[in-house]
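Contents: one structure, followed by commentary.
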Amino acid sequence: MISSCPRLIVAALRGGCGKTTISLGIISAWRRAGRRIIPFKKGPDYIDAGWLAQAAGRPCFNLDPYLMTPEQIVRSFGHRASGNHDGALIEGNRGLFDGTDEAGTYSTAELAKLLKTPIILVVDCTKATRTLAAVVYGCRLFDPGLDLAGVILNQVATRRQETLVRHVIEAQAGVPVLGAVPRLRDHDLPERHLGLIPHQEHPAATKALDLLAELIKDSVDLKRLETLAAAAPDIDSALDPWTWPTSAGPVGVRIGVIRDSAFQFYYPENLEALERLGARLVVFSSLDADRLPDVDGLYLGGGFPETHAEILAGNQGLRTSIRKEALAGLPIYAECGGLMYLGQSLVLNGSSFPMAGVFPVSFGLEKRPQGHGYVQAEADSINPYFPVGEKLTGHEFHYSRPLEHDPDQVKLALKVDRGHGFHQGRDGLLAHNVLAAYTHLHALTNIRWAESLVRLAAARRSRDVAVEEEEHGP
């Protein structure tokens, strides 16, 4: 079918130019003006995507050319953008032309061409004036196939600088300047690691977004942005990104999902996949639930357990409950922060905090990333989730590493061909029906983990029902 959706991509010359701040401000300003915007994030990102979702008041979906095929990207975008809304905004990542190789493969520019989307380029004006026109002009010439529709100046120091840069970019580079955002003195979006802290941990997230909305409203020509978005051409798109039947699994299986400020890294498609396979999601918090709810399986995503270590350690009831059920065969699929939580302990600044203890592994935090980037792995050991030989494509980003573990007591199911993983080129800790890895997977790329989790949960449920009937009668 043909999908018509007003849309823009916000890109930049490099990471750290302020495209997230600009994107959040635009979405927040449009929302406060009554516009319904669908947010998207390019690349394997959870934190920016969470902020974009918070700004828009609806889920943010990732569009990752490395993890997804071109067809999957177009189908996913077309499906999400075909609803009741006024447009879509896609935030790029890194620099406009930066990809995984010298050809810029998987770059924001390639995504823009795939989705036929106009680009708004965020330009950091720190300590520069006329040179910026040369840079913008270079972007225009570097790939004439791009629709470089406009520029937003960021970190503008003075009115004089703004006037000079605006005039020279429009006159010499031939690209309209659509706004000039002044340098922020009181930054209300503090950063951790490589990006913003999760909005769940920000003490005044709503206030911060309100301030950004006012900033963009006063600094950017939102009407011209709407006009440019509306000029985006139609694209051929299927309505449904999923290529497998909705009723692919048993109905009514209960899958627990820990979702709070400690564990919040979930692709919306991953949760959607579990539901489409017949699971009912039981969402709860690791910070205040004193025991595991009545579930048939557990999906434990990533996050920052290190910032909540004391609270997690203090919740002995939940830790004990999860360990008990895991040893009794409860299917659990965990990623990154979830892996750390399932370990024996988390060591921070010389203090040890007990975790769930499913795996006899202690984890510690380093100042530099221990794994960062895309992952190519292969299941090379028998496990309940992936057949031996299955190839997996994912990503990892973690500052933690295993401090103490006995290789004879820790089984690993995945061979890592690209990436770091758990230890020495391996990932995927295995115990009973539990598989926990540093690698994050996206359901559109690999649905197997979700299918297996639902299947194992259904078997667990059937077993529990049989036991109950045997003890108490049908």
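Computed from a prediction, not measured in an experiment: that's the story for all the values here.
- For Arg75 and Glu269, the salt-bridge test fails: no basic side-chain N is under 4.0 Å from an acidic carboxylate O.
- Using modelled atom types, no side-chain atom of Arg183 and backbone atom of Ala157 make a donor-acceptor pair closer than 3.5 Å.
- No donor-acceptor contact under 3.5 angstrom links the side chains of Asp98 and Ser107, judged on distance only.
- Side-chain atoms of Thr126 and Asp124 form a donor-acceptor pair, as typed in the model, at a separation below 3.5 Å.
- Comment: Lys41 does not engage Asp64 in a salt bridge, judged by the lack of any side-chain N to carboxylate O separation of less than 4.0 angstrom.
- Using cut-offs of 30° and 60° on the angle between ring planes, the pair Tyr66 and Tyr106 is perpendicular.
- Contact check for Leu346 versus Ser362: no side-chain heavy atoms found under the 4.5 Å cut-off.
- Of the possible polar contacts, one joining the His442 side chain to the Leu444 backbone as a donor-acceptor pair under 3.5 Å is found.
- Asn62 contributes a side-chain N or O that, together with a main-chain N or O of Asp45, makes up a donor-acceptor pair within less than 3.5 Å.
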One pair to check against side chain to side chain donor-acceptor pair (under 3.5 Å): Gln376 and Thr393. What are the steps and the verdict? CA-CA 5 Å; Gln376 294 285 349; Thr393 299; 3.2 Å; yes
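- Arg80 forms a cation-pi arrangement with Phe61, by the criterion of a distance under 6.0 Å to the ring centre and an angle within 45° of the ring axis.
- By the 4.5 Å heavy-atom criterion applied to side chains, Phe363 and Leu348 are not counted as neighbours.
- Side-chain N/O atoms of Glu306 and Ser400 include no donor and acceptor closer than 3.5 Å.
- Judged by distance alone, with hydrogens and angles left aside, the side-chain atoms of Asp427 form a donor-acceptor pair with the main-chain N or O of Thr439 at under 3.5 Å.
- Salt bridge Arg448/Glu390: present, at least one basic N to carboxylate O contact under 4.0 Å.
- Taking a cutoff of 4.0 Å between a charged side-chain nitrogen and a carboxylate oxygen, Glu325 and Arg460 qualify as a salt bridge.
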For His398 and Tyr438: C-alpha separation, side-chain torsions, deciding distance, then whether ring pair (Phe, Tyr, Trp, His ring centres under 6.0 Å) applies. CA-CA 8 Å; His398 54 96; Tyr438 270 122; 3.6 Å; yes
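- In summary, Arg401 and Glu366 engage in a salt bridge, as defined by a charged side-chain N under 4.0 Å from a carboxylate O.
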